[in-house]
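Notes to accompany the following structure.
Order of the sequence lines fixes the chain letters, A, B, ..., with proteins taken first and strands second; residue numbering starts at 1 for each chain.
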Amino acid sequence: MTAADPSAPSTSPRPVDGEGKISLTLHVNGREEHLRARPHHTLLEVLRNELHLTGAREGCGVGMCGACTVLLDGRPISGCLLPAALAEGHELTTIEGLEGPNGELHPIQEAYVEHTGFQCSYCTPGFILTTKALLEERPDVSRDEAKAYLAGNLCRCGSYVKILDSVMDARDRLRGG
Amino acid sequence: MPGSLAFYHPTTLEDAIGLLGEHGDEAKVVAGATALTILMRQRLVAPSALVSLGSIPGLDRIEEVDGSLRIGAMVRHRDVELSQIVRARIPVLAETFGKVANVRVRNAATVGGVLAESDYASDPPAVFVALDAEVEVRGPNGERTIPARDFFVAFYETALEPDEIVTGIVVPVPAAGSGTSYHKFVTRSSEDRPCVGVAALVRLAPDGSAADLRVAVGAAAETPQRFPDYEALGRGHVLSDDIVGRVADAYAGAIDTLDDMRGSAWYRTEMVRVWVRRAIESARDAAASGPAAH
Ligand SMILES: Cc1cc2nc3c(=O)[nH]c(=O)nc-3n(C[C@H](O)[C@H](O)[C@H](O)COP(=O)(O)OP(=O)(O)OC[C@H]3O[C@@H](n4cnc5c(N)ncnc54)[C@H](O)[C@@H]3O)c2cc1C
Ligand code: FES
Ligand code: FES
């Protein structure tokens, strides 16, 4: 993962301002965002508190539940485990980045709505983003494969059956063109 | 709230090593950050400097060199899992990395990170030990290699000096006629860390006896456990139920198993007995059916 300022000397720390914050440049949902945060802040904290993108949520805070899922260069990661400073230089996608130019839902979102692949929906952004990465990697994924891939996303409402229905329908929608 | 944290993004290994020397115990290397972020949040470590390896070119390569695969320290778990060359040459390595945690952790966690962390309940260490891998390390005095067997010293402790960095690991491709296996036994959920993990390698001689047998047990004690004396019980023999059972009993008797929320010491001992047997059988059967055996 690359540093913000390639001209900065290799052995100097990132400059810190009077509040103990560093400057960060993040590429989120196709936009370049400039912000300041404390050096230890996680990507999840920065997305929610500085960029007000609240689709990524904190569940467990230790990498186990997937409520904080963000796509980094298209791959799902836990926002709760990544210092924001290490997210620079990468393309980040949050659930807010899935809508079309006129606010249309993404086909995966439509599938989740149609099958009610949620109850309280706390876990839903994480499931949808993980589904997106899965279907990009394996457009013809089987239900069992999807189950294994999504096993690290937890739904406390237990919507798993409908979530898998949604994933299979999303697969068919995307394959259908 | 941590006082101040200096974040460094050195672009060469020399600079990174220099920073570690300069800051001493106050500095931490950061790779995928999946372990370090949790430790910092729980205030189990409070470094004043983080030295990221992410801006140093060349640490994220997988290449075949002289009959071994060399895997760079910044290669992500998921890249080992999906790598064509790893799947073709050392499939058990791809499978093992694919069994770690969940896809999000595997997308971030690095090979250098799992080595340097030396968590007793990680999966890859036992496989590296069984395959006679060697850890490549760089410090102020240059490079050295440490056999994986000697690298893991104790709970969260390795043979690394404080100003040394893991640069990669070299894993010999098993000889023709070999079969390998890794069995991850979990007791709580499918994405859990292992209660016991067993890696085995069997190479069959043309007469069907075991020319080589290697067994490493992970997650049962502080470090991966390997016993050449008990491997020798199987070498030179046809790996019958009786012989395999003897090796499994010897391992179960020899390991001072630990007690944690994934299993009591007594239970782990019994699981070592079961999974050593199964791991040897899988490796034996893979050796017998593998194309390399004919
Ligand atoms: C939810 C969850 C589930 C998990 N389940 C499993 C599991 O089932 N099986 C399993 O095996 N593991 C599991 N893990 C552990 C995970 O694989 C480790 O967190 C990971 O391997 C650490 O790698 P990293 O690159 O993120 O290391 P970091 O967090 O960046 O670093 C870890 C430690 O190693 C040091 N370090 C890192 N790289 C180097 C280097 N190149 N040279 C010197 N020092 C270095 C750091 O200073 C730090 O002390 C799990 C983790 C989580 C969060
Ligand atoms: S909040 Fe990050 S995985 Fe649970
Ligand atoms: S819908 Fe409530 S947690 Fe999944």
_Would you call the rings of B:H183 and B:W275 parallel, tilted or perpendicular, taking 30° and 60° as the class edges?_
tilted
*Contact origin within A:C65 toward chain B - heavy atom pairs under 4.5 Å*: backbone
*Contact part of B:V51 toward chain A, heavy-atom cut-off under 4.5 Å: side chain, backbone, both or neither?*
neither
*Indicate the ring-plane relationship of B:Y267 and B:F185, choosing parallel, tilted or perpendicular according to the 30° and 60° boundaries.*
tilted
*For A:P39 and A:I22, work out which heavy atoms get closest and say how close.*
CA-CD1, 3.8 Å
*Top of A:G152, A:G61, A:P83, A:P15 for chain B proximity - count of heavy-atom pairs under 4.5 angstrom*: A:G152
_Looking at every non-hydrogen atom in both residues, tell me the closest pair between B:A219 and B:R268 and how far apart they are._
O-NE, 3.1 Å
*Closest heavy-atom pair and its distance - B:I56, B:P10*: CG1-O, 3.3 Å
*Taking A:T42, A:T69, A:V16 one by one, which has the highest count of heavy-atom pairs under 4.5 Å against chain B?*
A:T69
_Residue B:V103 versus chain A: region with a heavy atom under 4.5 Å_ = both
